Amino acid sequence: MIYSEEEFGELKYCMWKPAGFSENKLYPLIIFTHGAGSRGNDLKAIKNNIIIELALPYAKDAIVVAPQCSSNTWFDHFNNLLDFIKHVKDFDYVDKNRVYGIGVSMGGYTMIAVMQSIPEIFAAGIICCGGGMYWNAERLKNIRLRLFHGEKDECVYPEESRRMYEKIIESGGKAELTVYPECDHNCWEKTFTGGENVMWLLKQEK
């Protein structure tokens, strides 16, 4: 894939384009919001993130963008993050019916909040050990979601994903929940190893 490092406002981000990229073609877009461990001002933490490492081989025909949180929480950048997502979605070579979100831990909460704020942009998403405003779950009902959590997670309790899943289903949404019985906070390696979930994601359309 073709790798570059870019900036949008206060956000720095990594971007991957397919080999043989052409501005005259349409590509699906994956937006990844990382967890607390990749915060900072060094994009190597994003480029070398384990989720990127596991997912990219199965997303080689997609555009992948991954901004970096340079402060304590994504919510310090939230409005800029929304503007960034609208910006990359509007690239001429992005298939507007195939825009996806992946979020993990802190980034999982953030991606849920992003999708609740601008649900019309997204076709589907994968959220690992996240949660959020489940009372606004109805705003997610048109986005196909796979939620993942470890039963033994003591950083983000699995009830966070369960509540979100239940409320999405109650509102008529299309969510799936997987809770790994023996897993703690790191449920992302199970989720992204083997590529099945990334391949599922890229099959979804608005």
Side-chain angles (χ1 to χ4, degrees), residues 14 30-40 42 44-59 64 66-69 71-78 81 100-116 122 124-141 143-171 173-204:
C14 299
I30 297 174
I31 301 151
F32 169 58
T33 48
H34 64 78
S38 294
R39 291 173 296 189
D42 186 351
K44 287 180 183 176
I46 308 302
K47 183 180 180 182
N48 299 325
N49 188 286
I50 185 63
I51 290 92
I52 294 293
E53 179 183 329
L54 292 171
L56 273 186
Y58 304 96
V64 179
Q68 185 173 37
C69 177
S71 59
N72 188 54
T73 169
W74 274 116
F75 292 100
D76 293 334
H77 306 279
F78 194 71
L81 180 61
Y100 312 111
I102 293 176
V104 172
S105 192
M106 179 182 80
Y109 278 86
T110 303
M111 186 54 68
I112 288 288
V114 164
M115 288 177 167
Q116 288 175 327
F122 293 91
I126 296 172
I127 308 296
C128 290
C129 50
M133 295 181 288
Y134 56 88
W135 52 90
N136 281 334
E138 186 176 2
R139 294 184 62 80
L140 304 170
K141 69 180 181 180
I143 304 171
R144 294 177 182 87
L145 288 171
R146 282 189 171 180
L147 311 178
F148 298 87
H149 223 113
E151 187 65 68
K152 297 182 178 180
D153 192 341
E154 295 187 355
C155 295
V156 179
Y157 294 120
E159 285 72 20
E160 293 284 322
S161 288
R162 288 195 177 102
R163 278 197 294 263
M164 185 63 71
Y165 166 75
E166 289 165 1
K167 291 297 184 181
I168 293 171
I169 296 301
E170 283 178 17
S171 67
K174 305 175 184 69
E176 301 172 37
L177 172 64
T178 300
V179 178
Y180 302 113
E182 298 303 319
C183 197
D184 54 19
H185 190 53
N186 177 2
C187 70
W188 48 85
E189 289 191 33
K190 282 183 175 290
T191 299
F192 290 101
T193 295
E196 188 274 332
N197 287 306
V198 176
M199 291 186 285
W200 167 84
L201 188 70
L202 291 168
K203 291 176 183 175
Q204 310 307 311

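Fair warning: this is a prediction, and the values are worked out from it, not measured in the lab.
Using a 4.5 Å heavy-atom cutoff, the side chains of I31 and F122 are in contact. Side chains of M111 and W74 form no contact here, defined as non-hydrogen atoms less than 4.5 Å apart. Side-chain contact between V156 and H185 is present, with at least one heavy-atom pair separated by less than 4.5 Å. Annotation: side chain of V114 is not in contact with side chain of T33 (no heavy-atom distance under 4.5 Å). Using a 4.5 Å heavy-atom cutoff, the side chains of F75 and L81 are not in contact. Counting only heavy atoms from C-beta outward, the side chains of R146 and L201 never approach each other to under 4.5 Å. Here the side chains of C14 and F32 are not in contact, with every heavy-atom distance at 4.5 Å or above. Between M164 and L145, every side-chain heavy-atom pair lies at or beyond the 4.5 Å cut-off.
Looking at E160, E159, E166 one by one, the single match for side chain to side chain donor-acceptor pair (under 3.5 Å) with R163 turns out to be E160.
The minimum heavy-atom distance linking V198 with A55 is given by the pair CG2-CB, 3.9 Å. Annotation for C69 and H34: closest pair N-NE2, 3.0 Å, computed over non-hydrogen atoms. Nearest heavy-atom pair, H149 versus S161, reported as atom, atom and distance to 0.1 Å: ND1-OG, 2.6 Å. Contact detail for T191 and C187: the closest heavy-atom pair is OG1-O, 2.8 Å. Across all their heavy atoms, R39 and N72 have their closest contact at NH1-O, 2.8 Å. The nearest pair of heavy atoms linking I46 to A66 is CG2-CB, 3.4 Å.
For K174, the NZ atom is densely surrounded, since the number of other residues' heavy atoms within 6.0 Å is greater than 12. Heavy atoms of other residues, nucleotides or ligands lying less than 6.0 angstrom from OH of Y180 number more than 12.
Among residues two or more places apart in sequence or in another chain, the side chain to side chain donor-acceptor pair (under 3.5 Å) test is passed with K152 by E182.
The closest donor-acceptor contact from the side chain of Y100 to the backbone of Q204 lies under 3.5 Å. Put simply, the side chain of Q68 gets close to the backbone of D42: a donor and an acceptor are under 3.5 Å apart.
Rounding to the nearest 0.5 Å gives a distance of 9.5 Å between CG of L177 and CD1 of I169.
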Enumerate donor-acceptor pairs with a distance under 3.5 Å from any side-chain N or O in residues 125-137 to protein atoms, sequence neighbours excluded.
none

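Using modelled atom types and a 3.5 Å distance limit, the side chains of N186 and W188 yield a donor-acceptor pair.
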